[in-house]
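Presented below is the structure to which this report refers.
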Number of protein chains: 4
Amino acid sequence: MFQLDVRSRKPIYEQLVDKIKELIINQILKPDEQLPSVRVLSSQLTVNPNTIQRAYRELEQQGYIYSIKGKGNFVSKINIVSNEQKLTELKIDIQKLIAEAIYLGLTKEDLYEIYEKAHPNKKSGSASFSPDKHKTQMK
Amino acid sequence: MFQLDVRSRKPIYEQLVDKIKELIINQILKPDEQLPSVRVLSSQLTVNPNTIQRAYRELEQQGYIYSIKGKGNFVSKINIVSNEQKLTELKIDIQKLIAEAIYLGLTKEDLYEIYEKAHPNKKSGSASFSPDKHKTQMK
Amino acid sequence: MFQLDVRSRKPIYEQLVDKIKELIINQILKPDEQLPSVRVLSSQLTVNPNTIQRAYRELEQQGYIYSIKGKGNFVSKINIVSNEQKLTELKIDIQKLIAEAIYLGLTKEDLYEIYEKAHPNKKSGSASFSPDKHKTQMK
Amino acid sequence: MFQLDVRSRKPIYEQLVDKIKELIINQILKPDEQLPSVRVLSSQLTVNPNTIQRAYRELEQQGYIYSIKGKGNFVSKINIVSNEQKLTELKIDIQKLIAEAIYLGLTKEDLYEIYEKAHPNKKSGSASFSPDKHKTQMK
DNA sequence: GTGGTCTAGACCACC
DNA sequence: GTGGTCTAGACCACC
């Protein structure tokens, strides 16, 4: 389970969105895997259910998860639709940050290093909702 | 002159900070160059002077500009002091974005291209306080 | 509750920052303790809410308090991050004042005495948001 | 000659006051020694004469210098009058700063070290209006 | 209810 | 003229 920082300037629902997005991107959460229910996650994180709800709604709008009434929320397969547009936007954001970082001394080597570290599955798989679950699935 | 998006979730003062920071980073605004006065920019952008004031204060606290009472606001020379810490934070942000972009299809070549474009003075000098003036002077 | 000097050269928001910082430093305000809300303090001190807001923002930027949107402002645990730099600056200021004081007759013994008095909790707990309350609770 | 920082938040006249005060305190400027005339200092520092004037007026009010019409401005002998009161005020300021520094990690040893460095004449006599003058007086 | 942003407009300090 | 502070009051986001 992941950490939330109640003191952060970033609203809790947004922190949740980012964390879950990260888990999906790093393929710790696999396509069609079920997310914890709003109630469960709410009590696990001691966060208002409305806040979880809002995070899930946001993730759905962004295409990272889909919701089936009465069943739950699930990780989307890669969403091909708006991919291109999103990537284009991301590239712009990345360029801005890199420009600022160059101004502050970033080198090409630094960037290469960052790129290497940014690859999924090479990370120490720190965050996960329920590592035990995986064992269960192996039965 | 640059555009502000009044409807954006991002506060106006923050948009201003980002835009001006960009102009400084891309060296369109040179060190010791004077920024438009609070009042002038305020009426140019039809934004309350207090909001401009706040943006300038923020930029000063971040070390991008300095203010002389009774004279005006000016672009700082690069601020070496707390650069390192800032750069470290930036690197983390960049890594996150790159990870997300890789998920959406970013290649190493894309990143190289972005890095090249991120260099100052190679950009299409889009934003400026008074672009027309420069053109006029070239006649 | 503390006094503000409206006639002072020192801006009200800065007086507020200094006073609250003092309360935190002397541990009259404890870590994670909630500060009075912007509106409450505003009406208590008959000062505009914006001015209180600004003081709180300043304290947050300096790392003395943290703010949770929709909940309130709270005293930070000690901020280890940029402590060192701040301390270095402080030392310079202290040295200047001591030099001036030596000129006016300050002795080593005086300084020792000051040092002893500067320790938290040994002070006559003068300033507090609600001193009466505490006394009442002791009955 | 000393440095002024036009970029500082501190008004120029105040910087002047502090610098000259420091020279007097450290006895680089001796009692009854004549200060440079407003005009001379004004052109030396490329600062508006009004600003110099204001600094001198301030120093006079604080008792550090005295002015003789038609002759110039001179360093006061130690001003016994308000000494005690000033020292008391200074002690309060020092105590506040020390309290803050303790909060940030200042030790007794640090303070001892600061005290040693604060002694006059042990400093590398950096600032002076006109070191040449002293040589002249030796004739 | 809580913090955060913004406007309109006044007044002060500095140069 | 320039930046800086402050008030009065509105409206939004978060919880």
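Chain A is the first sequence line, chain B the second, and so forth, proteins listed ahead of strands; every chain is numbered from 1. Both backbone and side-chain heavy atoms feed into the values below; hydrogens, waters and symmetry mates do not.
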task: Check whether any side-chain heavy atom of Q61(C) lies under 4.5 Å from a side-chain heavy atom of E58(B), and answer yes or no.
output: yes
- prompt: Taking NZ, NE, NH1 and NH2 as the nitrogens, is one of them in K10(C) or D18(C) under 4.0 Å from a carboxylate oxygen of the other?
  reply: yes
message: Using side-chain heavy atoms (C-beta onward) and a distance below 4.5 Å, is I52(D) in contact with L45(D)?
response: yes
Ion pair check, E14(A) and K69(C), cut-off under 4.0 Å: no
N48(B) (side chain) donor-acceptor with N50(B) (main chain) under 3.5 angstrom: yes
message: Judged by each residue's nearest nucleotide on DNA chain E, which is more toward the 5′ side, K69(C) or P11(D)?
response: K69(C)
message: Which is more 5' along DNA chain E, the nucleotide nearest R39(B) or the one nearest R57(C)? Just name the residue.
response: R57(C)
- line: Ranking G70(B) and T46(C) by the position along DNA chain F of their nearest nucleotide, the one closer to 5' is G70(B)
- line: Taken to the nearest 0.5 Å, the spacing of L16(D) CG from Y56(D) OH works out to 8.0 Å
query: So what does R9(C) touch, heavy atoms closer than 4.0 Å: a base, only the sugar-phosphate, or nothing?
result: sugar-phosphate
- request: Using chain D heavy atoms and a threshold of under 4.0 Å, write down where along DNA chain E the contacts begin and end, 5' to 3'.
  value: dC14(E) to dC15(E)
query: Taking only Watson-Crick and G-U wobble pairs with both distances under 3.5 Å, what dot-bracket line describes DNA chain F, where [ ] shows pairs that cross earlier ones and | shows pairs with another strand?
result: ||||||||||||||.
query: Which comes earlier along DNA chain F counting from the 5' end, the contact point of K10(A) or that of T51(C), where each point is its nearest nucleotide?
result: T51(C)
- line: Residues passing the ring pair (Phe, Tyr, Trp, His ring centres under 6.0 Å) test with F74(B), sequence neighbours excluded, are Y66(B)
- prompt: Hey, does the side chain of T46(D) reach the backbone of S43(D) with a donor-acceptor pair shorter than 3.5 angstrom?
  reply: no
message: Applying a 4.0 Å non-hydrogen cut-off, can you work out what N73(B) is touching in the nucleic acid: base, sugar-phosphate, or nothing?
response: sugar-phosphate
